[in-house]
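Let me begin by presenting the structure, written as structure tokens, before commenting on it.
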Protein chains: 2
Amino acid sequence: MTEKRTKNVTIIEVARLAGVSTATAGRVLGGYGYSSESIRDKVREAAEKLGYRPNLLARGLITGKTQTIGVVAGDMESPFYASVLRGIADVARSRGFGIVVTNSDEILQREREAVQLLTEKQVDGMIVTPSDLQTAQHLREIVAAGCPIVQIDRLVHGLEADAVTVDNAQGAKACIEHVIAAGHRRIGLISELEQFAAGDLKSFIDLEAHGRVDAATLYPSWQRLVGYLQAHREAGIPVDLDLVRRVGAYSAEAAKEETLDLLQGNGRPTALFTTDGLMSAGTMDAISELALDLPQDLSLICFDDLEWMRFLRPGISAIAQPLNEMGRTAARLILARINGDTSPFQHQILAPSLRVRGSVAPLKAEGRQGSTRPERRKSAKA
Amino acid sequence: MTEKRTKNVTIIEVARLAGVSTATAGRVLGGYGYSSESIRDKVREAAEKLGYRPNLLARGLITGKTQTIGVVAGDMESPFYASVLRGIADVARSRGFGIVVTNSDEILQREREAVQLLTEKQVDGMIVTPSDLQTAQHLREIVAAGCPIVQIDRLVHGLEADAVTVDNAQGAKACIEHVIAAGHRRIGLISELEQFAAGDLKSFIDLEAHGRVDAATLYPSWQRLVGYLQAHREAGIPVDLDLVRRVGAYSAEAAKEETLDLLQGNGRPTALFTTDGLMSAGTMDAISELALDLPQDLSLICFDDLEWMRFLRPGISAIAQPLNEMGRTAARLILARINGDTSPFQHQILAPSLRVRGSVAPLKAEGRQGSTRPERRKSAKA
DNA sequence: CTGAAAGCGCTTACAG
DNA sequence: CTGAAAGCGCTTACAG
């Protein structure tokens with residue numbers, strides 16, 4: 001009960017029992033040098049008998065490799081990161097690597113501390129979802145120090161490192177085209193759109209219309225807005241600014257408020273596009289509160305994650321991000337770098353897989369909208 | 001571009017620049033011995049100037065502590081484990097620990113390999129959700145070797161280690177009482193109930209009725225069945241065996257089939273209790289397929305996770321497991337052991353937090369059931 | 001309070 | 001193919 005940690009069997013004891021040098025025992029057990037078959041057997045037998053387990057710390061100290069990938073996620077509890085992590089873990093496991101994971105909560109300072117911890121733990125490489133796309137001094141430093149890193153989901157401006165992202169503009173565009181094909185013309189957008197250095201929504205939309213926006217360097221929700229705008233432009237449908245709702249925070253509650261405001265105002269949309277799982281959750285709360293029927297009163301389409309889709313009510317369409325694949329790709333890239341790959345940096349852009357669940361209701365004749373008035377609000381919460 | 005990993009600054013170089021011995025430099029930088037203020041400043045300055053970062057591998061090799069917790073989860077992508085992991089990560093971070101995580105997929109062999117990897121990486125302790133409650137030789141071995149472990153969610157028979165579980169019987173009982181209070185008498189159960197050594201469902205129910213079942217050593221879904229049975233007994237409602245559905249696999253598809261069979265048979269229940277998130281998902285699929293209205297046609301209550309609850313349709317009740325708390329508790333326990341706590345092993349049983357979303361519809365007069373006939377099946381999939 | 005020496009458990013050249 | 005020696009970057013007694 002109170003025994004201290006039993007002393008581990010070391011290579012020295014195995015060597016002694018096998019009657020060989022520690023160097024030889026090490027070669028057999030570590031699988032790295034030449035050794036004759038007879039010696040191999042002797043050493044293995046001795047190791048087995050003593051219950052020898054290699055100490056990867058010692059090996060790592062000397063080889064400079066820990067067979068470990070460090071991961072800085074935003075929040076591993078969210079379906080997004082959980083799925084990405086699973087992809088990373090699968091590839092790591094198949095290659096004999098471990099992963100040490102941390103959460104940044106998208107807070108720069110926390111990300112710095114995480115990177116620091118991972119560095120001190122001597123991980124062979126890092127996979128990170130950068131919190132800040134401008135200031136990323138800590139990332140530039142470790143890259144300069146020779147630690148390979150792979151960015152996921154976002155690109156730090158001018159960081160010389162591999163990256164894996166989803167084609168957000170393309171995916172969002174596909175969603176909107178889907179809805180337009182069903183006859184909708186007034187499509188509301190509920191989107192985070194939190195950080196954008198260059199000003200307000202209006203300016204951004206103007207810039208985009210003139211082709212002055214580089215989608216690759218934007219935060220995902222802004223990229224999805226670009227897809228929304230593109231689809232409208234190509235279909236010849238003017239964008240009503242009132243329909244484009246910038247929630248301004250990654251918060252379901254805020255998304256709910258924004259949706260309520262949109263749906264209770266004049267000129268209500270006939271369809272709604274939410275740009276991620278959390279926005280969808282908030283929007284659905286609003287829809288419940290207003291006691292709207294989907295998709296009769298309102299069509300809803302979400303840019304979402306496969307995991308979350310399971311919980312969507314029937315009648316809601318969604319396009320899923322290939323999150324496992326994003327994790328797997330990132331892990332493969334980092335492992336290649338760890339193994340000495342020095343080819344130019346890659347930016348892999350994954351196409352969202354169009355796993356649509358439910359279909360968008362075709363736009364019906366007018367008249368239904370009046371049936372659900374703001375006065376009915378809260379009626380669902382009997 | 002092709003530079004090799006730049007050689008790290010070591011304590012030796014810092015010591016040289018500061019004009020002190022490596023032992024002294026180590027004491028300052030490692031914060032473990034005495035040192036005068038003037039020397040502290042000199043050393044820190046030198047370290048700063050050279051960009052010194054400690055190598056935790058070397059420290060770990062010598063101290064025998066890595067400040068790392070190993071975690072064997074079933075599947076970190078699932079909301080259950082994702083939430084537990086988050087709890088663990090939060091406590092670990094606050095104490096300066098890292099976590100290395102692995103997935104077992106509830107497969108014993110994979111769990112063994114995971115434990116092996118973590119052992120070789122010299123984690124200070126492990127948190128594991130055991131895949132098999134009988135055969136757990138690998139766990140007994142590492143415990144015997146002095147590596148503390150904390151079990152989560154399940155208890156290995158006779159394993160001398162701390163554990164954190166949820167009071168499943170109690171939670172399930174609360175659910176059923178909730179439904180009974182609303183007037184329901186025919187309450188269907190959709191549950192995994194996969195592994196149970198001692199035979200079939202009927203035998204189990206008989207055993208339980210005679211108080212011959214020790215809930216503590218059961219798999220969670222069986223514990224939830226116990227709560228279902230207890231609530232019936234205390235309310236004086238006989239259990240109809242036809243209503244108790246053993247899905248026999250942790251599969252949403254299988255849960256769906258079982259639900260369809262139950263709802264399309266004679267003597268349909270007026271309420272349904274699902275014992276976890278995956279069962280709920282399958283059940284909801286079945287309900288959609290039958291085009292049933294919730295809670296008008298059927299009341300549904302789920303034993304579930306907070307994360308998943310967000311996606312439940314209004315009108316569905318659910319009781320949530322405190323998963324973050326389970327992770328946090330486990331992390332605190334393992335840290336205490338790592339710090340030398342030798343008190344008797346604890347088994348902490350967390351009460352499910354009654355975060356009910358939506359309420360159970362009171363049972364209405366008869367007559368509604370006929371309105372949804374099996375013929376309507378698939379009608380929702382227009 | 002500080003330093004010289006030994007050592008954690010392995011791997012790596014270098015001889016043989 | 002095998003062994004003796006050195007060393008990875010730290011910490012730990014042990015003297016002073």
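Just so it is clear: chains get the letters A, B, ... in the order the sequence lines come, proteins before strands, and each one is counted from 1.
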In whole angstroms, the gap separating P of C:dC1 from CZ of B:Arg40 amounts to 8 Å

Taking CD from A:Glu120 and C1' from D:dG9, how many angstroms apart are they, rounded to a whole number?
13 Å

Separation of atom CD in A:Gln67 from atom C1' in C:dC10, rounded to whole Å:
14 Å

Within residues 50-58 of chain A, residues whose heavy atoms come under 4.0 Å of DNA chain D
none

C:dA5 P sits how many Å from B:Ile12 CD1, rounded?
14 Å

Does C:dT2 have OP1 or OP2 under 4.0 Å away from a side-chain N or O of B:Ser36?
yes

For B:Leu29, answer base if it contacts any base atom (sugar-phosphate contacts may also be present), sugar-phosphate if it contacts only those atoms, and nothing otherwise; contact means non-hydrogen atoms under 4.0 Å.
nothing

When the distance from CD1 of B:Ile11 to C1' of D:dC8 is rounded to whole Å, what number comes out?
14 Å

Other residues, nucleotides, ligands: >12 heavy atoms within 6.0 Å of B:Glu48 CD:
no

I'd like to know whether CZ of B:Arg16 has more than 12 heavy-atom contacts from other residues, nucleotides or ligands below 6.0 angstrom.
no

Gap separating the CG atom of B:Asp90 from the CG atom of B:Leu85, nearest 0.5 angstrom:
11.0 Å

Atom CZ of A:Arg110 and atom CG of A:Asn103: how far apart are they, to the nearest 0.5 Å?
8.5 Å

Above 12 or not: heavy atoms from other molecules or residues under 6.0 Å from CD of B:Glu37?
no

Nearest to the A:Thr22 side chain among D:dT2, C:dA5, C:dT11, which nucleotide is it?
C:dT11

Atom CZ of B:Arg59 and atom C1' of D:dG9: how far apart are they, to the nearest Å?
11 Å

Of the options D:dG7, D:dA4, C:dA4, whose atoms approach the side-chain atoms of B:Ser21 most closely?
C:dA4

Inspect the surroundings of CZ in A:Arg40 and state if more than 12 heavy atoms from other residues, nucleotides or ligands are less than 6.0 Å away.
yes

Rounded to the Å, how far apart are A:Arg27 CZ and C:dT11 P?
11 Å

Rounded to the nearest angstrom, tell me the gap between atom CG in A:Asp41 and atom P in D:dC1.
14 Å

If you check the A:Thr10 side chain, which of C:dT2, D:dC10, C:dG9 turns out closest?
C:dG9

Quick one: pull up CG in A:Leu61 and OG1 in A:Thr66 and give me the separation to the nearest 0.5 Å.
11.0 Å

Looking at C:dC1, D:dA13, D:dC8, which one has an atom nearest to any side-chain atom of A:Leu61?
D:dC8

Of A:Tyr32 and B:Thr24, the one whose nearest nucleotide on DNA chain C sits closer to the 5' end is B:Thr24

Check the side chains of A:His138 and A:Gln116 for a donor-acceptor pair under 3.5 angstrom, ignoring hydrogens and angles.
no

Donor-acceptor side-chain pairing of B:Gln348 and B:Thr329 below 3.5 angstrom:
no

Working note: B:Arg53 + A:Glu141, criterion salt bridge (charged side-chain N to carboxylate O under 4.0 Å, His left out); need CA distance, chi angles, decisive distance, verdict.
CA-CA 12 Å; B:Arg53 297 282 136 225; A:Glu141 278 169 16; over 6 Å; no

Would you write the dot-bracket representation of DNA chain C, where each base gets (, ), [, ], | or . depending on whether it forms a Watson-Crick or G-U pair under 3.5 Å and with which partner?
|||.||||||||.|||

